[in-house]
Amino acid sequence: MRCYLLRVGCLLGVACFLSLSWIKSFPGDGAPDLQMLYKRLLVAEELGGKVSKDLHIILEQLGNMTRAANVSHLLSNASCSNTSSTMVKQPSDDLSRQPLHQANIHLYLPHLREHPNSLVPHVALGKGRSGVTMVLGIPTVKREKQSYLTSTLSSLLSGLTSSESQDLLIIIFVAETDLDYVNSIVQNLSE
């Protein structure tokens with residue numbers, strides 16, 4: 001027991017020594033130079049603004065390229081079922097002249113090529129609302145003993161005002177192949 005207390009005491013002594021030597025390493029009275037930290041903060045904010053502007057420009061260019069690809073896809077009426085990605089040329093004002101591979105869902109989920117309707121929900125309950133400001137997605141699976149979906153939904157909706165609940169859309173993904181279970185969920189939710 002004494003050996004344990006001796007070890008703890010030595011460890012505390014070393015920790016105190018290291019923390020004091022670290023504090024003393026700062027210039028002045030032991031506090032970091034606030035002017036230097038403020039200047040570094042200003043530089044970081046300036047760089048953050050530049051990065052934000054650059055990202056906004058890139059996002060606009062990607063949006064333009066996506067729209068151009070969709071228009072050219074509609075005009076050419078080409079099928080993308082055999083290709084995993086489409087080639088889109090970048091705008092001429094861009095410095096790099098290399099083509100951009102625009103990924104589609106079949107690149108990441110190739111098994112969906114054989115089942116094109118698998119991305120469309122089989123059951124859609126709702127009021128056809130659009131333009132909401134908040135969308136929540138809740139995945140669920142069949143559990144042996146208890147389903148937590150009802151309690152999760154009631155917990156989410158309990159503290160909302162009527163205007164908040166009107167501005168909210170909840171999408172429930174039932175990841176289950178048992179159609180009886182899915183139908184029971186749909187029946188419970190429609191009540």
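Taking each heavy atom of Asp178 and Lys142 in turn, the nearest pair found is OD2-NZ, 3.0 Å.
Partners of Leu136 under the side-chain contact (heavy atoms from CB on, under 4.5 Å) rule, at least two apart in sequence or in another chain, are Met134, Leu156, Leu168, Ile170. Residues forming a side-chain contact (heavy atoms from CB on, under 4.5 Å) with Ala175 (at least two apart in sequence, or on another chain): Val141, Phe173. Residues satisfying the salt bridge (Lys or Arg N to Asp or Glu O under 4.0 Å) test with Glu114, not counting sequence neighbours, are none. Every residue two or more places apart in sequence or in another chain that forms a side-chain contact (heavy atoms from CB on, under 4.5 Å) with Val135 is listed here: Val132, Leu169, Ile171. Take Lys39 and apply the side-chain contact (heavy atoms from CB on, under 4.5 Å) test, not counting sequence neighbours, and it matches no residue.
In this structure, CD1 in Ile57 is found 10.0 Å from OG in Ser52, a value given to the nearest 0.5 Å. Here CE of Met65 is found 9.5 Å from CD1 of Ile58. Values are rounded to the nearest 0.5 Å. The distance from the CD atom of Gln61 to the NE2 atom of His56 is 11.0 Å, given to the nearest 0.5 Å. Summarising the geometry, atom CD1 belonging to Ile185 is positioned 4.5 Å from atom OG belonging to Ser147; distances are rounded to the nearest 0.5 Å. If you take CD1 on Ile138 and OH on Tyr148, they are separated by 15.5 Å, rounding to the nearest 0.5 Å. Taking CD of Glu45 as the reference point, atom CG of Leu47 lies at 10.5 Å (rounded to 0.5 Å).
Applying the side chain to side chain donor-acceptor pair (under 3.5 Å) test to residues at least two apart or on different chains, none of the pairs has a partner in residues 150-159.
The shortest distance between side-chain heavy atoms of Leu149 and Val174 does not fall below 4.5 Å.
When atom types are taken as modelled, the side chain of Asp167 and the backbone of Ser163 share no donor-acceptor pair closer than 3.5 angstrom.
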